[in-house]
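Since the structure comes first, as structure tokens, the remarks are kept for the end.
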Amino acid sequence: MTSTLLQVKGLGKTYPLPGGGRHTAAEGISFTVNPGGALGIVGESGSGKTTVARMLVGLTTPDTGTITVEGRPREPHTPRRRTARLTRAREIQMVFQDPYISLDPRLTATQCLRTALRLHGRAESLAATLLDQVGLGEREAGARPRHLSGGQRQRLAIARALAVDPRILVLDEAVAALDVSIQAQILRLLDDIRRDTGVALVFVSHDLAVVQHVTDEVLVMRRGRTVEQGPTGRVLTEPSDPYTRLLLASVPGEGWDPADAVAARASLSV
């Protein structure tokens with residue numbers, strides 16, 4: 001039995017460019033996540049963080065590197081056998097920025113959860129418990145996605161992921177489209193879920209304030225590569241890399257001066 005839940009070593013992905021050559025979306029990405037842990041992957045748009053998230057869940061096949069869950073290698077391709085596919089799904093689940101496109105518009109919240117529970121051989125009666133766990137009541141239970149708010153749909157997407165009883169949740173900009181007050185509610189919910197269930201989180205975001213509130217470790221990406229990683233408190237208060245300092249200088253707050261961000265950008269090497 002290993003104490004490391006998720007281990008990623010040397011993960012890499014490139015894509016062909018229209019005029020020739022290849023674009024490096026990710027190169028040499030390595031990290032670990034312990035049971036009940038939370039890792040933040042941060043960077044600007046195009047840094048490669050979403051590519052890493054997609055490789056973790058199997059939506060993108062890595063060119064190099066390995067992913068293991070509880071010491072078991074995670075195959076780059078989805079298995080053909082149903083049992084193997086379900087086992088793989090229970091390892092890692094993903095929650096997207098826009099849950100609406102991933103929810104069946106014909107199903108109520110309860111029906112959505114019962115479908116996921118039935119598929120994975122779990123009692124359909126757990127649907128009510130899951131709805132309660134994510135703070136959705138009787139009215140939301142009987143509603144279809146179009147009748148739910150953005151925050152409620154995100155709660156439903158989280159409940160559906162939990163219905164599989166996963167070991168790891170990957171959240172790709174999962175609160176980016178929500179109002180600040182709703183973001184806070186979802187972040188508290190995720191923190192409660194992590195504490196109560198032991199599920200580990202990989203939180204992909206460009207928002208350092210969000211990452212600071214929900215993660216223990218953080219990995220900073222730029223142009224497909226890791227520029228800094230370590231304990232969240234240390235990285236976001238005493239960053240060692242100029243790019244991390246730029247990200248922090250770009251966050252508006254009390255006493256914020258946009259000139260600091262401009263200066264931080266200028267100090268970066270090309």
Side-chain angles (χ1 to χ4, degrees), residues 5-6 50 53-61 67 69-70 72 74-178 182 185-190 192-194 196-204:
L5 174 59
L6 172 66
T50 291
R54 291 176 62 87
M55 287 191 287
L56 290 178
V57 296
L59 294 176
T60 296
T61 303
I67 302 169
V69 178
E70 295 183 316
R72 297 186 300 273
R74 188 169 167 86
E75 297 300 326
H77 302 288
T78 301
R80 293 184 178 181
R81 293 186 298 109
R82 182 176 182 274
T83 301
R85 288 199 307 271
L86 295 179
T87 298
R88 179 185 174 89
R90 284 191 290 271
E91 290 177 346
I92 305 177
Q93 282 287 300
M94 188 167 185
V95 178
F96 298 91
Q97 178 176 348
D98 182 4
Y100 191 77
I101 59 176
S102 64
L103 296 171
D104 191 328
R106 301 167 298 177
L107 301 181
T108 66
T110 296
Q111 290 170 335
C112 171
L113 296 184
R114 285 178 175 171
T115 299
L117 289 163
R118 182 170 60 252
L119 178 64
H120 288 270
R122 306 186 71 199
E124 294 183 37
S125 59
L126 289 172
T129 301
L130 287 166
L131 288 169
D132 181 67
Q133 186 176 14
V134 299
L136 294 177
E138 292 184 8
R139 189 192 71 80
E140 293 84 12
R144 291 177 172 80
R146 67 178 180 275
H147 295 135
L148 298 173
S149 69
Q152 289 168 340
R153 286 196 290 266
Q154 197 61 284
R155 289 171 183 266
L156 176 57
I158 293 170
R160 185 181 60 179
L162 293 175
V164 178
D165 194 23
R167 302 291 291 124
I168 302 156
L169 276 184
V170 176
L171 303 111
D172 186 10
E173 300 284 9
V175 299
L178 305 176
I182 305 300
Q185 294 175 18
I186 298 297
L187 294 177
R188 284 196 297 271
L189 167 65
L190 291 169
D192 290 342
I193 288 171
R194 180 164 71 115
D196 295 341
T197 68
V199 66
L201 306 179
V202 176
F203 208 98
V204 177

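- Using modelled atom types and a 3.5 Å distance limit, the side chains of R155 and Q185 yield a donor-acceptor pair.
- Side chain to side chain, R160 and T115 fail the donor-acceptor criterion of an N or O pair below 3.5 Å.
- With sequence neighbours excluded, no residue satisfies side-chain hydrogen bond (donor to acceptor under 3.5 Å, both in side chains) with T110.
- For the atom pair CG of L162 and CG of D196, the computed distance is 10.5 Å after rounding to the nearest 0.5 Å.
- Summarising the geometry, atom CZ belonging to R88 is positioned 13.0 Å from atom CZ belonging to R81; distances are rounded to the nearest 0.5 Å.
- A distance of 13.0 Å separates SG of C112 from CZ of R153, quoted to the nearest 0.5 Å.
- Annotation for V204 and A53: closest pair CG2-CB, 3.8 Å, computed over non-hydrogen atoms.
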Under 3.5 Å, side-chain donor or acceptor atoms of residues 125-138 against the rest of the protein: list the pairs with distances, not counting sequence neighbours.
none

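- Smallest separation of non-hydrogen atoms from P166 and A161: CD-O, 3.2 Å.
- A donor-acceptor pair under 3.5 Å is absent between the side-chain atoms of R167 and the main chain of L5, judged by distance alone.
- The main-chain N or O of T87 is never found under 3.5 Å from a side-chain atom of E91 such that the two would form a donor-acceptor pair.
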- Run the side-chain contact (heavy atoms from CB on, under 4.5 Å) check on V202 and L6 step by step: do they pass? CA-CA 10 Å; V202 176; L6 172 66; 4.1 Å; yes
- Query: When you look at L169 and I92, which way does the side-chain contact (heavy atoms from CB on, under 4.5 Å) test go after all the steps?
  - Reply: CA-CA 6 Å; L169 276 184; I92 305 177; over 6 Å; no
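- Using a cut-off of 4.0 Å between Lys/Arg side-chain N and Asp/Glu carboxylate O, R118 and E124 are scored as salt-bridged.
- In this structure, R74 contributes its side chain and L56 its backbone to a donor-acceptor pair below 3.5 Å.
- For the pairing with R144, the side chain to side chain contact (heavy atoms under 4.5 Å, CB included) check across L103, T108, L107 returns one residue only, T108.
- Distance CE/M55 to OG1/T50: 11.0 Å, rounded to 0.5 Å.
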- Message: As a quick check of understanding, evaluate side-chain contact (heavy atoms from CB on, under 4.5 Å) for I158 and I193, giving each step before the final call.
- Response: CA-CA 10 Å; I158 293 170; I193 288 171; 3.8 Å; yes
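- Shortest non-hydrogen contact noted between H120 and L86 is CE1-CD2, 3.6 Å.
- Counting heavy atoms from C-beta on, the side chains of E140 and L148 come closer than 4.5 Å.
- Atom CG of residue D172 and atom CG of residue D98 lie 11.5 Å apart, to the nearest 0.5 angstrom.
- The distance from the CD atom of E173 to the CZ atom of F203 is 8.0 Å, given to the nearest 0.5 Å.
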- Query: Can you check side-chain contact (heavy atoms from CB on, under 4.5 Å) on V95 and Q154, steps first, answer last?
  - Reply: CA-CA 8 Å; V95 178; Q154 197 61 284; 3.1 Å; yes
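- Checked against salt bridge (charged side-chain N to carboxylate O under 4.0 Å, His left out), D104 has the following partners two or more places apart in sequence or in another chain: R106.
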